[in-house]
Amino acid sequence: MAPTTQPVTVTVTGAGGQIGYALLFRIASGQLLGPDTPVRLNLLEIPLGLRAAEGTALELIDGAFPLLASVDVTDDAAAAFDGTNVALLVGARPRSAGMERADLLEANAAIFGPQGRAINEHAASDVRVLVVGNPANTNALIASAHAPDVPPERFTAMTRLDHNRAVAQLALKAEASVTDVDGVIVWGNHSATQYPDVSHATIGGRPALEVVDEAWCEEVFVPKVARRGAEIIEVRGASSAASAANAAIDHVYDWVNGTGDRWTSAGVTTSGPNAEAAASYGIPEGLVCSLPVRSQGGEWQVVTGLENSAVARAHIEASVAELIDEREAVRALSLLPG
Ligand code: NDP
């Protein structure tokens, strides 16, 4: 049956890269927004990546996807974000040998600042943004700061891959299905300081900490999840791409379609509607921080009222301190307006 609704415009940056290649065909097949929603795909690349993105666009056409209304490739951010409803900011500057953290932040601010401005000027009024390119949380903060007319809560950072990794490891350990696991949380930064937390989780309705050992969580599970990206590189010989694309799909699908009562994790802004909830966990305003969330009515809402142990609080504090450090480093370089 032909789709009946108007196409939604989805922009993917870094579309010629690995994650882009794993992501775009799933968007075209309807897995991002659902089986009834046609999509117009705008692919943004830097000039060096344009040919790869153009090749991917040819393959997208060859997929004859019923839901794919159009596909355009450009290196012009204004054109790429024109009328965008969903922006997936994947392209980022990787850390090269000898690069200091300040250099990395500066190089990425030069990408995410202008993209934030272009979103502010050209995107649709309901635009939702997911930043995948690293350092994702701070890149999201920079993009949002350059888009003063877009509510800050529309800018998010991807910690769903960390969340999915945590759910999968817990299910493996408990010899349960991933569908039996609920209430896992990834707190903080999408970095090695993140805190995958099972203390509020349940497995088949039972508290997870009755099923798995607390010492295993602290000594094996937390470092395993936090270092999974490095493990993939070591084993596969390349960084994770399909699982990152899968997590981006999960994040946007849940954001748009809702999570019901289940929780997930997302990097959300701690200013605006979620400021009070973030403050209740000791997390200050003006960050993009991974928190337990539900999506209702197209908005991420932070799950409130959780009691955290001293160990959990220490982990969360350390990761939040890193986010504050990144923000201050960007501010010191005058890359954060306001
Ligand atoms: P990938 O597609 O593999 O990765 C893209 C970004 O996603 C990187 O910043 C990467 O971070 C990040 N990422 C986040 N989570 C994960 C995860 N779990 N696993 C792996 N990566 C993750 O990179 P490629 O080099 O293949 O492609 C990047 C493309 O972006 C290139 O084609 C380049 O030309 C383009 N680009 C486009 C820009 C634009 O549109 N303006 C700007 C800059 C680049 P990490 O580096 O830490 O792995």
Side-chain angles (χ1 to χ4, degrees), residues 10-24 41-57 72-81 84 87-97 99 101 103-119 129-140 142-143 146 156-166 168 186 189-192 194 196 225-251 265-267 288 290 326:
V10 178
T11 301
V12 177
T13 76
Q18 276 210 90
I19 295 176
Y21 195 72
L23 183 60
L24 288 161
L41 272 174
N42 288 348
L43 314 190
L44 179 66
E45 257 297 349
I46 52 176
L48 206 63
L50 271 180
R51 286 297 279 169
E54 282 164 3
T56 304
D72 289 290
V73 183
T74 180
D75 62 358
D76 174 8
F81 292 114
T84 295
L88 299 169
L89 309 188
V90 177
R93 174 75 191 275
R95 190 189 286 261
S96 42
M99 203 178 197
R101 190 180 65 154
D103 301 332
L104 184 73
L105 288 167
E106 191 167 6
N108 278 298
I111 296 167
F112 287 87
Q115 288 185 357
R117 258 196 303 278
I119 288 169
V129 183
L130 171 63
V131 176
V132 175
N134 281 316
N137 299 54
T138 298
N139 289 342
I142 291 169
H146 286 79
T156 61
M158 188 170 88
T159 53
R160 184 60 175 265
L161 180 55
D162 308 302
H163 178 94
N164 286 349
R165 286 167 170 166
V186 172
N189 199 2
H190 170 67
S191 76
Q194 66 176 262
V225 172
R227 295 193 197 122
R228 184 70 161 182
E231 185 185 349
I232 303 276
I233 293 174
E234 201 185 303
V235 177
R236 183 175 177 255
S239 62
S240 43
S243 54
N246 180 62
I249 298 264
D250 285 350
H251 177 113
S265 305
V288 173
S290 187
E326 286 183 13

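For ligands, and for the atoms within them, numbers begin at 1 and follow the listed sequence.
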Rounded to the nearest 0.5 Å, how far apart are [atom1] of [X] and [atom2] of [Y]?
{"X": "Arg93", "Y": "Ile111", "atom1": "CZ", "atom2": "CD1", "answer": "7.5 Å"}
{"X": "Glu106", "Y": "Ile142", "atom1": "CD", "atom2": "CD1", "answer": "10.0 Å"}
{"X": "Met158", "Y": "Asn134", "atom1": "CE", "atom2": "CG", "answer": "8.0 Å"}
{"X": "Leu41", "Y": "Asp72", "atom1": "CG", "atom2": "CG", "answer": "9.0 Å"}
{"X": "Thr74", "Y": "Phe81", "atom1": "OG1", "atom2": "CZ", "answer": "10.5 Å"}
{"X": "Ser243", "Y": "Asn164", "atom1": "OG", "atom2": "CG", "answer": "9.0 Å"}

Considering only protein heavy atoms, which is closest to [atom], and at what distance to one decimal place?
{"atom": "atom 46 (O) of ligand 1", "answer": "Pro94 CB, 4.0 Å"}
{"atom": "atom 5 (C) of ligand 1", "answer": "Val90 O, 3.3 Å"}
{"atom": "atom 4 (O) of ligand 1", "answer": "Ile19 CD1, 3.5 Å"}
{"atom": "atom 28 (C) of ligand 1", "answer": "Gly17 CA, 4.1 Å"}
{"atom": "atom 31 (C) of ligand 1", "answer": "Glu45 OE2, 3.5 Å"}
{"atom": "atom 18 (N) of ligand 1", "answer": "Leu161 CD2, 2.8 Å"}
{"atom": "atom 23 (O) of ligand 1", "answer": "Gln18 N, 4.5 Å"}

**Message:** Can you tell me which portion of Ile111 lies within the under-4.0 Å heavy-atom range of ligand 1? Options are side chain, backbone, both, or neither.
**Reply:**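 Side chain only.
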**Request:** Report yes if some N/O of Ser240 lies less than 3.5 Å from some N/O of ligand 1; otherwise report no.
**Result:**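 Such a contact does occur with ligand 1.
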Counting heavy atoms only, which of [options] is nearest [atom]?
{"atom": "atom 8 (C) of ligand 1", "options": "Leu48, Asn134, Val131", "value": "Asn134"}
{"atom": "atom 14 (C) of ligand 1", "options": "Ile46, Thr11, Thr56, Val132", "value": "Val132"}
{"atom": "atom 40 (O) of ligand 1", "options": "Ala238, Gly14, Ala136", "value": "Gly14"}

Find all atoms of ligand 1 within a distance of less than 4.0 Å from any non-hydrogen atom belonging to [X], and give their numbers and elements.
{"X": "Gly16", "answer": "32 (O)"}
{"X": "Thr13", "answer": "40 (O)"}
{"X": "Gly91", "answer": "30 (O), 36 (N), 37 (C), 43 (C), 44 (C)"}
{"X": "His190", "answer": "15 (N)"}
{"X": "Leu44", "answer": "40 (O)"}

**Request:** Just do the side chain to side chain contact (heavy atoms under 4.5 Å, CB included) check on Thr156 and Val129 with the steps written out, would you?
**Result:** CA-CA 6 Å; Thr156 61; Val129 183; 5.8 Å; no
**4.0 Å protein heavy-atom contact status of atom 25 (O) of ligand 1, strictly under** =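 No.
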Looking only at side-chain N and O atoms, does [Y] offer a donor or acceptor that is under 3.5 Å from a partner on [X]?
{"X": "Ser290", "Y": "Ser265", "answer": "no"}
{"X": "Thr159", "Y": "Gln194", "answer": "no"}
{"X": "Gln115", "Y": "Asn139", "answer": "no"}

**Request:** Answer yes or no: is there a side-chain heavy-atom contact under 4.5 Å between Asn108 and Pro135?
**Result:**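 Result yes, sub-4.5 Å side-chain heavy-atom pair found.
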**Message:** Under 4.0 Å, counting heavy atoms only: does Gln115 come that close to any atom of ligand 1?
**Reply:**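 Contact check Gln115 vs ligand 1: positive.
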**Message:** If you count heavy atoms of other groups shown closer than 6.0 angstrom to CZ of Arg101, is the number above 12?
**Reply:**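 Correct, the count exceeds 12.
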